[in-house]
Amino acid sequence: MDIYSTLNERQREAVLAPRGPLLVLAGAGSGKTRVLTYRFLHLVYDEGIKPDRILAVTFTNKAADEMKERLHNMFQQYMGLDITPPWVRTFHSASLMILRRYLSSDEAKSIIRSRIDKLLLKDMNLGSDFTVADRDDSLMVIKNIFKERGYKVKSTGDDKKAMARFLEDVSLAKRRGIYDPDKFEMYYAPDYWNLPIGYRDLFKMYHSELYASGRLDFDDLLGFAHMLLEDEKFGAKIRHLFDAVLIDEFQDVNDVQYSMGKHLAEDHGNITVVGDVQQSIYSWRGASPQYVDAFLKDFPDATVVKLDINYRSAKKIVSVANSVSQSMATRHRFSVRSHSDEDGKVQVIPVSDEYAEATQVANMIHSLSISEGIPYEEMAVLYRVNAQSRHFEEVLGRYGIPYVLVKGVSFYARKEIKDVISYLTVIHNPRDKVAWQRIINTPPRGIGSVSQDKLWKHFDDVDDISQLASVLSGKGAASFKRLWSHIVRWRKMVEEGISLVELLKDVLQGSGYLDYLIDAGEDMRRENIGELMNIMAAYDAEGKTLSEFLAEMALRTDQDTADSKDGVKLMTIHAAKGLEFDVVFLVGVEDGYMPYRRGGFGWRDVDDEEEEKRLFYVAVTRPRKHLYVTYAQYRTLWGDTVARKPSPYIEYIEYALDDESEESFDDNETYKIPADDISMLKEGDRVYSDQFGYGRVIKVIPPASIKVEFDDGTKRRFRLGMASIYKVIS
DNA sequence: TCACTTCGTATTTTT
DNA sequence: TACGAAGTGA
């Protein structure tokens, strides 16, 4: 039986590539996930690697879940095995697993301590039972720092902006592996800064507080795992867990993630990366598409396979995609070929204003549903910014067309969910100050702001949390003691192995939280807690512990639940990445939205505008059958009605539609790798120079020079590293 | 602690 | 413009 018979030639080539580094450049809709899962299977089936010794990392839970499920089915079907590989995870979750395993050891602790020594103002409380701080938690830590030092900092206006900016910078810095407060100050401190604590000191205080509470933020999960990997001796331990590494959405990796991948492949070089630079839309979050080049440099003997057959979209849509692609300055862009027999439809529709736009789209949704029988959930409205969704919601609602607004606001970020999770967090780790702050007076139990201030002031000084009762008086003290005795009781229940659902039930009763919701008539919130219980029941069924539950909760968003619901999907282009629909309405395709421009200012740099184009590429490659593009002549923004011009990108659509008859793939055959080391080149290799064009290497002259004969017959000598010379690969 | 008013804000946000 | 969050007063 040939288990690879359903793959096309290129996919097969990728899946069956020899052990060692492999780069798969996967165009939109070219079967990227297929290749990744079959590669996994191949490594097990043909190469004899154990499934639990392959690390496959993705960026989203959804992608990880999907891959896990597919692998489970494949192992069942082809090998008769009922297994789900344990290391198919997001970067964050894989890092968390690694830290859970090792952070209890003194050796690991001392490696990390030595790396963050300059950050610590108080003892860190980190062991393998740490919990994860999300953005809200981090913000709370920052606010506390000011409050406890008697500074008045508002949660609005400039102060709010400054705190947000600070956290953003902390995140960006740590994604680059920067934990040194001096470096942080140097690279990130803004020109004007009006908060009473400086950037450098706040960086230290933030981390001291966080680590004293036994918490790590998202970036620390990667950062700490990376520190352990970087240590020569300890790194080997982690590397020995895996015989192969696979990375999905490789164009989106940041510095730390890339370095982790590289370290993990150090012993065996067995690393597969799959990505599409044309769909790199997260560089503003620290992702670097340049790592595709770095990969080719670090693994010069990598097998490179390009998947250029698009199985998703009809012909016209593919030719629009190619037309956008051909205008990109991005290296490693390439055209894809449509596999479809259908033409599909691409239409540009001018409308008068945003209201007409929504009405037009609603009408078309209605008629497509009737005339072509396309179900609502197979249609999507994509826009650049969330603010654009309002009119569509309004009009679709009026038409009685079901819709789902897919927004970042997570189920897990809801107040009631966070409250309940905070109770469980305190039970798990009573030293977690942020969690305490959420539950101390929720529901109200007479511990007001004055009492609370006293509590937080002494929180770190006591050996045992119960001693805090002595800083309060009267009602507050009694109330605190009562709460504490509950917590002690719950901790005992956990020790005795109570199920998560039973524990939560007791917490809801004992804390008074349930009565509090009932009295307030908060039925919706009660339902949400019910939903949380369902999730917990699933954890119970798998025999997972409280600690595991808390860890995984923090890494979950509800993106996956969002798109299972029926109805037309409304979402930003960013949120649509990786999804596909029969019909896509791409709306607001105007200059100023695409590319996006804020406040009339120009672009900071060309890269930003290139990324806007890539975003447009992502948008036009979502539909299977039809793509409708709308732009408004007038639009009310900030209370002003202004005239709008169509987006310059519309041109690519028109070009593709005019040009359709002669589908050209002129640039399809080659791409280039920067060559700055002679080990990458040998005599006879095709090369390209920005200045002189294409040529062939006629001599390699160590240590760093080559001689090239260009296609026009001229011969030139270059010193690699000085001149931009690219190796051409077909 | 709630209901009302005023204020501030408007790019994307995988974990 | 129009939303949600924070602040105010009873």
Side-chain angles (χ1 to χ4, degrees), chain A residues 57-65 89-96 132-135 137-138 154-161 164 167-168 171-172 174-175 216-223 248-249 251-254 256-257 279-287 354-355 382-391 393-394 406-410 412-413 441-444 446 448-449 516 519-520 551-560 562 571-579 588 592-599 601 608 611-612 614-616 618-619 635-642:
Chain A
V57 281
T58 64
F59 280 83
T60 64
N61 289 304
K62 202 178 140 198
D65 290 346
R89 296 182 169 269
T90 62
F91 267 105
H92 290 81
S93 148
S95 303
L96 182 133
V132 180
D134 65 16
R135 221 203 91 107
D137 300 326
S138 296
K154 285 189 232 147
S155 322
T156 53
D158 288 348
D159 288 355
K160 184 186 169 187
K161 259 193 206 156
L167 277 178
E168 189 90 343
S171 180
L172 282 171
K174 293 201 286 194
R175 280 162 208 220
L216 297 180
D217 67 20
F218 288 137
D219 302 301
D220 289 332
L221 295 176
L222 296 176
D248 190 16
E249 302 278 12
Q251 74 283 353
D252 287 335
V253 296
N254 61 37
V256 168
Q257 287 160 337
Q279 295 187 63
S280 161
I281 55 174
Y282 283 110
S283 72
W284 53 275
R285 285 178 69 156
E354 66 271 21
Y355 191 73
L382 306 185
Y383 36 79
R384 179 61 234 264
V385 299
N386 277 314
Q388 287 170 264
S389 70
R390 231 190 57 241
H391 295 283
E393 285 188 77
E394 191 193 316
V406 182
K407 239 172 82 186
V409 185
S410 158
Y412 303 97
N441 205 31
T442 312
S449 58
Y516 163 69
D519 292 348
E552 290 186 36
M553 281 319 273
L555 300 181
R556 285 262 147 192
T557 60
D558 67 344
Q559 283 263 320
D560 25 44
M571 64 180 100
T572 63
I573 303 171
H574 282 87
K577 192 184 160 201
L579 305 179
Y593 268 154
M594 293 177 206
Y596 191 85
R597 240 186 309 269
R598 61 195 297 181
F601 292 108
D608 284 353
E611 182 146 319
E612 292 293 308
R614 295 196 293 265
L615 195 55
F616 188 68
V618 168
R635 190 176 286 274
T636 305
L637 297 165
W638 317 92
D640 274 337
T641 301
V642 293

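Below, read A as the first sequence line, B as the second, and so on, with proteins coming before strands; counting in each chain starts at 1. FYI, side chains are in, hydrogens and waters are out, and symmetry mates aren't considered; it's all heavy atoms of this structure.
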Please report, rounded to the nearest Å, how far the P atom of B:dA10 is from the NZ atom of A:Lys160.
7 Å
A:Asn386 side-chain N/O to B:dT12 phosphate OP1/OP2 under 4.0 Å
yes
Could you tell me how far apart A:Asp134 (CG) and B:dT15 (C1') are, to the nearest whole angstrom?
10 Å
Quick one: label A:Arg390 by what it contacts on the DNA or RNA (base, sugar-phosphate, nothing), any heavy atom closer than 4.0 Å.
sugar-phosphate
For A:Glu394 and C:dC3, what is the distance between atoms CD and C1' respectively, to the nearest whole Å?
14 Å
Less than 4.0 angstrom between a side-chain N/O of A:Asn61 and OP1 or OP2 of B:dT15, yes or no?
yes
Between A:His92 and A:Asn441, just flag the one whose closest nucleotide in DNA chain B comes earlier from the 5' side.
A:Asn441
Interatomic distance where NZ belongs to A:Lys577 and P belongs to B:dT13 [whole Å]:
12 Å
B:dT12 and C:dA5, which share atom name P, separated by this distance in whole Å
15 Å
Look at the side chain of A:His574 and decide which nucleotide, out of B:dT15, B:dT12, B:dT9, has an atom nearest to it.
B:dT12
From B:dT12, B:dT14, B:dT15, nucleotide with atom closest to A:Tyr282 side chain
B:dT14
Between A:Trp284 (CH2) and B:dT13 (P), how many Å, whole number?
6 Å
Check the geometry between A:Phe59 and B:dT15 and answer yes if their rings are stacked (centres below 5.5 Å, planes below 30°), otherwise no.
no
Kindly assign one of parallel, tilted or perpendicular to the pair A:Trp284 and A:Tyr282, based on the angle between their ring planes and the thresholds 30° and 60°.
tilted
Write down the distance between OH (A:Tyr383) and P (B:dT12), rounded to a whole number of angstrom.
10 Å
For the atom pair OG1 (A:Thr636) and CD (A:Glu354), what is the distance rounded to the nearest 0.5 Å?
4.5 Å
What integer distance in Å separates A:His391:NE2 from C:dC3:P?
10 Å
List for me each residue that meets side chain to side chain contact (heavy atoms under 4.5 Å, CB included) alongside A:Thr442, sequence neighbours excluded, and say none if there are none.
A:Lys415, A:Asp419, A:Tyr513, A:Tyr516
Can you measure from CG (A:Asn61) to NE2 (A:His92) and round to the nearest 0.5 angstrom?
10.5 Å
Donor on one side chain, acceptor on other, A:Asp219 and A:Ser171, under 3.5 Å:
yes
Of the nucleotides B:dA10, B:dT13, B:dT15, which has the atom closest to the A:Thr60 side chain?
B:dT15
So does A:Thr90 get a side-chain nitrogen or oxygen closer than 4.0 Å to the phosphate oxygens (OP1/OP2) of B:dT14?
no
Between B:dT15 atom P and A:Phe218 atom CZ, what is the distance in whole Å?
8 Å
So A:Thr636, base contact, sugar-phosphate only, or nothing? Heavy-atom distance under 4.0 Å.
nothing
